[in-house]
Structures are given as C-alpha cells and as structure tokens.
Amino acid sequence: MPANAYINRIATAVPEHEVHQFYLRFAASMLAANRQRIFERMAGLAGIDSRYSCFAPALDPTGQSVDLQGDFIRGAFPGTAARMALFRKAAPILAQKAVDGLQLGDQASRITHLIVTTCTGFSAPGIDLDLVRRCGLSDRVERTMIGFMGCYAAVNALKLARHIVRSDPQARVLLVNIEICTLHLKETPELEELLSFCLWGDGCAAALVTAEPSGIELDSFHCTVVDERRDLMRWDIRDHGFDMVLSGQVPAAIHETLRSKQGAILGDRPTEAIDLWAVHPGGRSVLDAVERALNLAPAALAASREVLRRYGNMSSATIMFVMEEMLRAPPGLLGCGMSFGPGLTAETMLFRTVS
C-alpha cells in the first residue's frame with residue numbers, strides 16, 4: 001500500500017516592519033475627505049491589527065515617499081521590472097528565515113524535494129536555487145515551482161507533496177510558501193481597490209512533509225471551480241506591478257459554493273464530525289461567509305481569525321500559518337482545511353492530527 005504523508009513541522013516568518021496603520025493612513029490620503037470617513041469605517045471592520053512588509057515605511061504616510069528607501073514616490077511608483085528586482089532581493093531572505101525555523105540542521109542535506117509557491121514575484125534563477133544555496137540543500141534536490149495560483153497554492157503544494165511521499169516513502173519534501181504582497185502597492189483613488197490592498201501583508205511558511213507518522217496526516221483533497229464566477233477574483237501582471245481584483249461579491253460566492261458542495265468537501269460527513277477548521281483568512285467577510293455556510297460555532301474559526309488579526313492576508317502562506325496552529329492540537333482529531341483564489345477556486349483537504 002502507498003505510504004501515508006504527514007506534515008511533521010511548520011515554521012512561519014514575517015518581515016520586521018509592521019505597517020498596517022501606516023498603510024491605512026497612506027490609503028486614506030489618496031481619497032477625498034468625504035470618502036476618507038467611509039474608508040476608515042470599513043477598514044476598521046477588517047479584523048486586522050497588524051501586517052508586515054519587507055519594505056521599511058517612510059516616517060510620514062502622507063509624504064512624498066511611501067517607503068524609507070525611496071522606491072515608492074508619489075506620482076512615480078515603480079514599474080513591474082523594478083518591483084521584480086525588489087522581489088529578487090527580499091524574497092530569499094524571508095524564505096530562508098522560515099526554513100531556518102524548521103531547524104533542519106544537518107538533516108537539510110536529506111531533503112529530496114523542494115516545492116516553492118509564490119504569486120507575487122518571479123525570477124530565474126529563482127528562489128528555489130537561492131534556498132538550495134542558502135539552506136544547505138543538496139544540489140540534486142528535485143525542485144518544483146508552483147506559480148501564480150494565488151491564495152490556494154499551498155493546498156496544491158501539500159497535494160503534490162502527498163503524491164511524492166506516497167510514491168516514494170523515503171522522500172523528504174520541503175514546502176516553502178513565500179509572498180511579498182506589499183510589493184504591489186498602488187496609487188489609486190478607487191475606494192474598493194484601496195480597501196482590498198489593506199488586507200495584504202508579507203509572509204512565508206516552510207513545512208516538512210514525510211512518511212514519518214508525526215504531526216498532521218494528509219488524508220484527502222478536493223477541488224471546486226466555479227467558472228461562472230471566475231471574474232470575481234483576478235491577479236493580472238501589468239506594466240506597473242500586479243493588479244489584484246477582489247470583488248465584494250466574493251464572500252457571497254464562497255457561501256453559495258460551500259453550501260452546494262459541502263458533501264463533496266467533507267466526504268459526506270456532517271460538519272459536527274470535523275474537530276478542526278483551518279480556513280484561509282482571505283478577509284473577515286470571507287471567514288464570516290464560511291461560518292454561515294457551514295453553520296459553524298463562533299469558536300470554530302478562531303485560529304483563522306487570529307492569523308488574520310496578527311498578519312493580514314499573506315496569499316499562499318496564510319493557510320500554513322493556520323495549519324501551524326493545528327499542529328498544537330491533541331492527536332486523534334479530524335480537520336478540514338480550505339483556501340480560495342482565482343477561478344473562482346476552492347481547494348480543500350481533510351487531515352488528522354497524529355502527535
């Protein structure tokens with residue numbers, strides 16, 4: 001029989017610069033006074049207290065330069081090439097910080113596979129080769145890049161890691177989910193776009209997946225694509241960075257999808273059979289929609305709401321911050337993880353705590 005796959009360890013990392021209130025003040029400065037009050041009221045309902053960025057904020061959010069380095073000057077924000085240069089510099093540092101948190105030590109050279117997810121920057125040679133050099137991985141490690149899938153990419157990476165381990169029980173898979181979301185700050189007078197950006201933060205998660213029965217067992221996966229809602233969430237590369245479109249209709253679409261697909265997602269189990277919920281906190285309204293759709297108790301999504309409060313939405317890394325909390329749960333519990341992204345896509349999984 002194929003081997004089972006387990007998340008043995010997860011380590012997470014964020015940059016040193018806390019920027020949430022700074023970015024709220026910057027965003028408000030882009031609006032007329034009557035729109036500022038609406039923005040401040042709506043941003044205050046987001047359930048976020050802090051977010052982090054790889055880029056040090058300027059001293060004055062209403063000043064000419066938004067960042068301390070002077071890369072983001074009002075009226076002359078960097079183009080895509082300049083942003084990718086910033087990504088190449090910042091992403092490997094944050095990724096190494098997360099991998100170092102796994103404390104692999106001399107076991108780093110035993111890693112057989114490396115899977116990296118990101119949708120916020122691209123370069124070649126890329127982060128995968130940077131991590132080989134920085135973290136003591138073998139130059140023979142099998143590398144896979146999962147790019148531009150958005151917030152649900154980590155679930156796809158876990159799915160791939162499970163396939164690898166089930167086909168080769170000796171495999172030791174290192175997953176790295178690295179996102180520099182604040183790199184794509186925009187100047188815009190559009191209220192909805194500014195509110196959307198006020199969700200995003202930078203972060204990275206690293207995980208070790210093997211056949212060793214400790215941590216969290218990866219049980220099964222299910223994907224749902226709602227093609228008729230594909231335009232509600234988009235992530236386009238343009239001349240002045242990446243443009244995220246996050247429609248206000250997304251929570252309602254997620255609610256409708258979960259209500260109609262609940263049986264397939266949960267393997268025809270009732271929600272009462274699920275002990276743990278690891279839901280990607282795409283925003284407070286997204287978590288509220290999941291809670292209503294599945295008729296969950298308020299405490300069920302406590303881990304997701306806490307990650308949102310402390311870090312905001314870090315795209316693909318975020319669900320792994322929630323899964324890190326699941327590792328602290330007692331053994332023998334059944335959990336459901338889910339993440340949402342462009343498509344409109346819901347990637348879900350069932351898992352069990354082992355130790």
Side-chain angles (χ1 to χ4, degrees), residues 11-20 22-23 26 50-59 61 65-73 76-102 114-137 143 145-151 153-154 157 174-187 197-207 235 237-244 310-318 320-321:
T12 57
V14 294
E16 61 181 299
H17 308 295
E18 200 287 309
V19 296
H20 185 55
F22 178 92
Y23 279 161
F26 163 77
S50 52
R51 291 179 292 145
Y52 295 84
S53 175
C54 290
F55 313 106
L59 299 179
S65 178
V66 180
D67 67 311
L68 203 59
Q69 187 69 25
D71 291 308
F72 291 80
I73 303 294
F77 270 28
T80 302
R83 293 178 196 249
M84 292 303 94
L86 292 170
F87 181 88
R88 284 195 298 271
K89 181 178 179 181
I93 296 171
L94 183 57
Q96 181 183 357
K97 183 178 179 181
V99 175
D100 287 349
L102 291 175
L114 171 63
I115 303 172
V116 178
T117 73
T118 188
C119 68
T120 48
F122 302 99
S123 64
I127 303 172
D128 53 342
L129 288 174
D130 285 327
L131 289 173
V132 170
R133 177 173 52 85
R134 287 171 171 266
C135 300
L137 307 183
R143 296 171 286 113
M145 296 288 294
I146 297 178
F148 224 62
M149 297 193 83
C151 297
L174 173 62
L175 267 61
V176 177
N177 315 108
I178 171 70
E179 303 289 6
I180 314 296
C181 301
T182 64
L183 177 64
H184 299 290
L185 180 66
K186 292 288 190 299
E187 288 184 287
F197 187 80
C198 287
L199 293 172
W200 303 105
D202 300 348
C204 184
W235 193 218
I237 299 177
R238 303 198 186 281
D239 292 341
H240 296 284
F242 297 179
D243 283 345
M244 165 57 77
R310 294 176 62 189
Y311 306 110
N313 184 343
M314 302 165 286
S315 194
S316 72
T318 323
M320 298 304 290
F321 277 64

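Here the structure is a predicted model, which means the values were calculated and not measured.
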Novice: Taking all non-hydrogen atoms of both residues into account, name the closest pair between Arg310 and Ser50 and its distance.
Specialist: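 Scanning both residues completely, I find the closest heavy atoms to be O-OG, 2.6 Å.
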Novice: Rounded to the nearest 0.5 Å, what separation is found between the CG atom of Leu174 and the CG atom of Leu102?
Specialist: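 Here the interatomic distance stands at 6.5 Å.
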Novice: Does Phe26 have any ring pair (Phe, Tyr, Trp, His ring centres under 6.0 Å) partners at least two apart in sequence or in another chain, and if so, which?
Specialist: none
Novice: Output all residues satisfying ring pair (Phe, Tyr, Trp, His ring centres under 6.0 Å) with His184, sequence neighbours left out; order by chain, then residue number.
Specialist: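 His184 satisfies ring pair (Phe, Tyr, Trp, His ring centres under 6.0 Å) with Trp235, Phe242 only.
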Novice: Identify which one of Cys54, Pro57, Ser53 satisfies the side chain to side chain contact (heavy atoms under 4.5 Å, CB included) criterion when paired with Thr182.
Specialist: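 Only one of Cys54, Pro57, Ser53 forms a side chain to side chain contact (heavy atoms under 4.5 Å, CB included) with Thr182, namely Ser53.
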Novice: What heavy-atom pair brings Phe22 and Val66 nearest, and what distance separates the two atoms?
Specialist: CZ-O, 3.1 Å
Novice: Nearest 0.5 Å please: distance from the OG1 atom of Thr12 over to the NZ atom of Lys97.
Specialist: 9.5 Å
Novice: Please determine whether side chain to side chain donor-acceptor pair (under 3.5 Å) holds for the pair Ser316 and Glu179, giving the CA-CA distance in whole Å, both sets of side-chain angles, and the decisive distance to 0.1 Å.
Specialist: CA-CA 7 Å; Ser316 72; Glu179 303 289 6; 2.7 Å; yes
Novice: Kindly compute the distance separating CD1 (Ile237) from SG (Cys119), expressed to the nearest 0.5 Å.
Specialist: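 Going from the CD1 atom of Ile237 to the SG atom of Cys119 covers 9.5 Å.
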Novice: Show the nearest heavy-atom pair for residues Gly203 and Val14, with the distance to one decimal.
Specialist: CA-CG1, 4.3 Å
Novice: CZ/Phe87 to CD1/Ile178 distance, rounded to the nearest 0.5 angstrom?
Specialist: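 Phe87 CZ to Ile178 CD1: 6.5 Å, rounded to 0.5 Å.
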Novice: Closest approach of Asp202 and Met314, non-hydrogen atoms and distance?
Specialist: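 Smallest interatomic distance, heavy atoms only, reads O-SD, 3.8 Å.
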Novice: Over all heavy atoms of both residues, which pair between Val99 and Leu131 is shortest? Give the atoms and the distance, please.
Specialist: CG2-CD2, 4.3 Å
Novice: How many angstroms lie between CZ in Arg134 and CD1 in Ile93, if you round to the nearest 0.5 Å?
Specialist: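 CD1 of Ile93 is found 5.5 Å from CZ of Arg134.
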Novice: Yes or no on side chain to side chain contact (heavy atoms under 4.5 Å, CB included) for Leu183 and Thr120, after CA distance, side-chain angles and deciding distance?
Specialist: CA-CA 8 Å; Leu183 177 64; Thr120 48; 5.6 Å; no
Novice: Atom CG in Asp130, atom CZ in Arg133: separation rounded to 0.5 Å?
Specialist: 5.5 Å
Novice: Determine whether Phe77 and Leu185 satisfy the following criterion, side chain to side chain contact (heavy atoms under 4.5 Å, CB included), listing intermediate values before the conclusion.
Specialist: CA-CA 9 Å; Phe77 270 28; Leu185 180 66; 3.8 Å; yes
Novice: Nearest heavy-atom pair of Asp128 and Arg143: which atoms, and what distance?
Specialist: OD2-NH1, 2.7 Å
